[in-house]
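Some notes on the structure that comes next.
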Amino acid sequence: MTDYPTIALPAMPDYSPEEMRERLASFYNEAKRRRTVRDYVDTPVPRDAIETAILAAGTAPSGANLQPWHFVVVSDADTKHQIRVAAEAEEREFYEHRASAEWLEALAPLGTDSNKPFLDVAPYLIAIFLKKYDLLPDGRKVKHYYPVESTGIATGLLITALNHAGLATLTHTPSPMKFLNEILDRPAHERPFLLLVVGHAAPDARVPDIYRKPLEEIATFVGN
Ligand code: IYR
């Protein structure tokens with residue numbers, strides 16, 4: 001047993017199987033209406049909504065509970081524009097040179113290109129950074145475990161929380177994203193993980209007619 005202090009597990013709700021089904025059906029309905037949105041309006045989003053969504057993301061499990069993430073919330077128009085300019089430069093490189101023919105073919109149904117107006121228009125960009133270690137004020141390093149898995153789970157929670165609030169998101173991944181360290185003045189040991197665009201979808205936004213794999217394709221049950 002641990003020598004560290006513990007507390008009793010806070011009470012878990014005790015739902016009947018029927019209640020579980022209802023709750024999960026309702027959660028699934030909400031999850032499945034989430035779409036990656038590329039067309040935004042500049043309608044403001046309250047800052048405290050973003051703060052609560054980030055607090056929810058910060059409840060994610062993490063290796064040794066070291067919480068190896070950092071969220072930079074950008075609403076400043078000039079900073080968003082700097083990010084747009086830098087991201088579009090990387091994206092032009094990607095679409096014109098770096099991407100393989102196979103990759104471009106996989107992206108074709110999404111209709112994406114190097115033009116990223118949403119980086120100016122959406123009210124918030126959340127740059128998510130992953131820390132392989134923390135740096136203590138005295139310069140010592142505290143190693144993190146499973147930082148990629150942990151930050152991925154936190155990002156999933158963030159997207160889910162924002163979707164729950166009726167906000168649209170886009171998981172944008174210009175590559176490489178090192179420019180985010182410079183523009184946002186983050187230390188070198190923080191690695192840009194993902195740029196999340198957040199806002200209200202444009203009323204005339206269109207999205208590709210995507211297909212989601214059925215249960216049999218994404219899950220295998222061993223036993224009952
Ligand atoms: N980062 C580029 C290309 C891109 C890559 C994947 I994988 C996508 O699912 C979508 C786009 C861009 O944002 O256009």
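Indexing begins at 1, ligand by ligand and atom by atom, following the structure's order.
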(message) Regarding T112 and Y95, do their side chains bring together a donor and an acceptor under 3.5 Å, going by distance alone?
(response) yes

(request) Under the ring-ring contact (aromatic ring centres under 6.0 Å, His included) rule, collect the residues that match up with Y15, sequence neighbours excluded. (result) none

(message) Could you check whether F193 and W69 have their ring centres less than 6.0 Å apart?
(response) no

(message) Testing the 3.5 Å rule here: is there a donor-acceptor pair between the side chains of Q82 and T79?
(response) no

(request) If a pair satisfies side chain to side chain donor-acceptor pair (under 3.5 Å) and one of its residues is in residues 189-201, list it, with sequence neighbours excluded. (result) R186-E190

Polar pairs, ligand 1 vs protein, N/O only, below 3.5 Å.
unit_1	atom_1	unit_2	atom_2	d
ligand 1	1 (N)	E91	OE1	3.4
ligand 1	1 (N)	E91	OE2	3.0
ligand 1	1 (N)	T173	O	3.3
ligand 1	13 (O)	E91	OE2	3.1
ligand 1	13 (O)	K116	NZ	3.2
ligand 1	13 (O)	H172	ND1	3.3
ligand 1	14 (O)	Y95	OH	2.4
ligand 1	14 (O)	K116	NZ	2.5

(request) Report the hydrophobic cluster partners of Y40, with the cluster defined as I, L, V, M, F, W, Y residues connected by side-chain heavy atoms closer than 4.5 angstrom, directly or transitively. (result) V37, V72, V74, I83, F118, L119, V121, L125, F129, L170, M177, F179, L180, I183, L184, L195, V197

